[in-house]
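I have placed the structure first, in the form of structure tokens, so that the comments after it can refer back to it.
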Amino acid sequence: MPEMLEVEAYRRLAATVLGRTIVGVDAPDGWFLKGGITAGQLTDALCGHRFVADRRIGKLLLLDLDHGPALGLRFGMTGRLLVDGRASIDHLEYSSDRDDPVWDRFALAFADGGDLRLRDPRRLGGVELDPRTDRLGIDALALTPAGLREVLGASEAPLKARLMDQARVAGLGNLLTDEILWRAGLDPARAAGSLSPAELRRLHRHLGATLRELGERGGSHTGDLQAMRARDGVCPRDGARLLRRTIGGRTTYSCPVHQL
DNA sequence: ATTGTGGCCTGCCCGC
DNA sequence: TGCGGGCAGGCCACAA
């Protein structure tokens, strides 16, 4: 599903629409419009204008307009971005491998004949004008060791839940978090505030390295643990039967032998 | 404030 | 062969 690595790929693709004049807005799905905005208001705000900058905070993609407000795009767990008929991510875990235009929930047409489409079978994403960003924590790729220590604090909440709390650190979803904790050898159910200084450093190092490596591989589903995230999965490192639990409200796989 | 829970959405897969 | 139930999780509302 789109976690920060997928949205980062979407951002790079969206950068190709900067400077192109918007001449049409197609928003056929009212449910997909968030923040109380209507299709008409969106058309008024966008038509005749151009995007001048692309930004990403966690899983939120922001396209700044030439006259002030920003268009916010969210992709839920099955949303994809297409520009001029091209997609930057071919396969999405848990989404459909079919590719059906009826799943286009939002589209922009440009004066040069191209277009930008948000294709989302499950309709869990959304489009918003000037979305609030003050409720998002620091982007996970910008997290320093001290920042990570602050994110975890003295919390008694499970380590995994704290890492997936978008208000504290933005961008980490279920698959990335499982992969990072598996690599770092940390039990996702541990109290977030219980890490020793050495464990904190180890987590920070694996967090950055995992984001970079999986980003290069092509997404959050390309982790070493991914193939074993199944009911009878075994740990790729030591062969132990993986634990399958619900932590932070999400299905969680971890190794009982080396994640302590 | 912190933490946990349930519901939203719909395609897909399994078992009958 | 069709059908029903369970599952996936990002996000938000709500409760204790």
Next on the checklist: Distance check needed: B/dT3 P versus A/L163 CG, whole Å only.
Outcome noted: 13 Å
Checklist entry - Would one find a side-chain N or O of A/R122 under 4.0 angstrom from OP1 or OP2 of B/dG7? => result no
Checklist entry - Reckon A/G249 touches a base, only the sugar-phosphate, or nothing at all at heavy-atom distances under 4.0 Å? => result nothing
Checklist outcome for this item: Out of C/dG10, B/dG4, B/dC8, minimum distance to the side chain of A/M164 belongs to C/dG10
Checklist outcome for this item: A/L60 atom CG is separated from C/dC12 atom C1', nearest whole Å, by 15 Å
Item to check | Exceeds 12 heavy-atom contacts within 6.0 angstrom, atom CZ of A/R50 | outcome: no
Item to check | Between B/dT2 (C1') and A/D165 (CG): distance, integer Å | outcome: 10 Å
Item to check | d(CG, A/L61; P, C/dC11) in whole Å | outcome: 13 Å
Checklist entry - Do A/R105's NZ or CZ and the ring of A/F32 fall within the cation-pi criteria of under 6.0 Å and 45°? => result no
Checklist outcome for this item: Per side chain to side chain contact (heavy atoms under 4.5 Å, CB included), A/R250 is matched among A/D178, A/N174, A/T177, A/L175 by A/N174
Next on the checklist: Of the options C/dG10, B/dG11, C/dC7, whose atoms approach the side-chain atoms of A/K59 most closely?
Outcome noted: C/dG10
Item to check | Atom-to-atom span, CG of A/N174 to P of C/dA8 - whole angstrom | outcome: 9 Å
Checklist entry - Between B/dT3, C/dG9, C/dC12, which nucleotide has the shortest distance from any of its atoms to the side chain of A/R74? => result C/dC12
Next on the checklist: Counting only heavy atoms from other residues, nucleotides and ligands, does the tally under 6.0 Å from CD of A/E156 exceed 12?
Outcome noted: no
Next on the checklist: Mind checking if A/T78 touches a base, just sugar-phosphate, or nothing, with heavy atoms under 4.0 Å?
Outcome noted: nothing
Checklist entry - Base, sugar-phosphate, or nothing: which does A/R105 touch, judged by heavy atoms less than 4.0 Å apart? => result nothing
Next on the checklist: I need the A/E179 CD to A/H221 NE2 distance, nearest 0.5 Å.
Outcome noted: 12.0 Å
Checklist outcome for this item: Of the candidates B/dT10, B/dT3, C/dG9, the side chain of A/R123 sits closest to B/dT10
Next on the checklist: From C-beta outward on A/R250, which listed nucleotide comes closest to its side chain: B/dG4, C/dG10, B/dT10?
Outcome noted: C/dG10
Next on the checklist: Between C1' on C/dG9 and CZ on A/R245, what's the gap in Å once rounded to a whole number?
Outcome noted: 18 Å
Next on the checklist: Given C/dA8, B/dG4, C/dG10, identify the nucleotide with an atom nearest to the side chain of A/R244.
Outcome noted: C/dA8
Checklist entry - Is the shortest side-chain N/O distance from A/W103 to OP1 or OP2 of B/dG11 below 4.0 Å? => result yes
Next on the checklist: At less than 4.0 Å, is any side-chain N or O atom of A/R135 found next to OP1 or OP2 of C/dC12? Yes or no.
Outcome noted: no
Checklist entry - If you check every side-chain atom of A/T251, which of B/dG11, B/dT3, C/dA8 has the closest atom? => result C/dA8
Item to check | Rounded interatomic separation in angstrom, taking CG from A/L124 and P from B/dT10 | outcome: 9 Å
Checklist entry - Rounded to whole angstroms, how far apart are CZ on A/F75 and P on C/dC12? => result 15 Å
Checklist entry - Between A/W182 and A/H258, how do the two ring planes meet: parallel, tilted or perpendicular, split at 30° and 60°? => result perpendicular
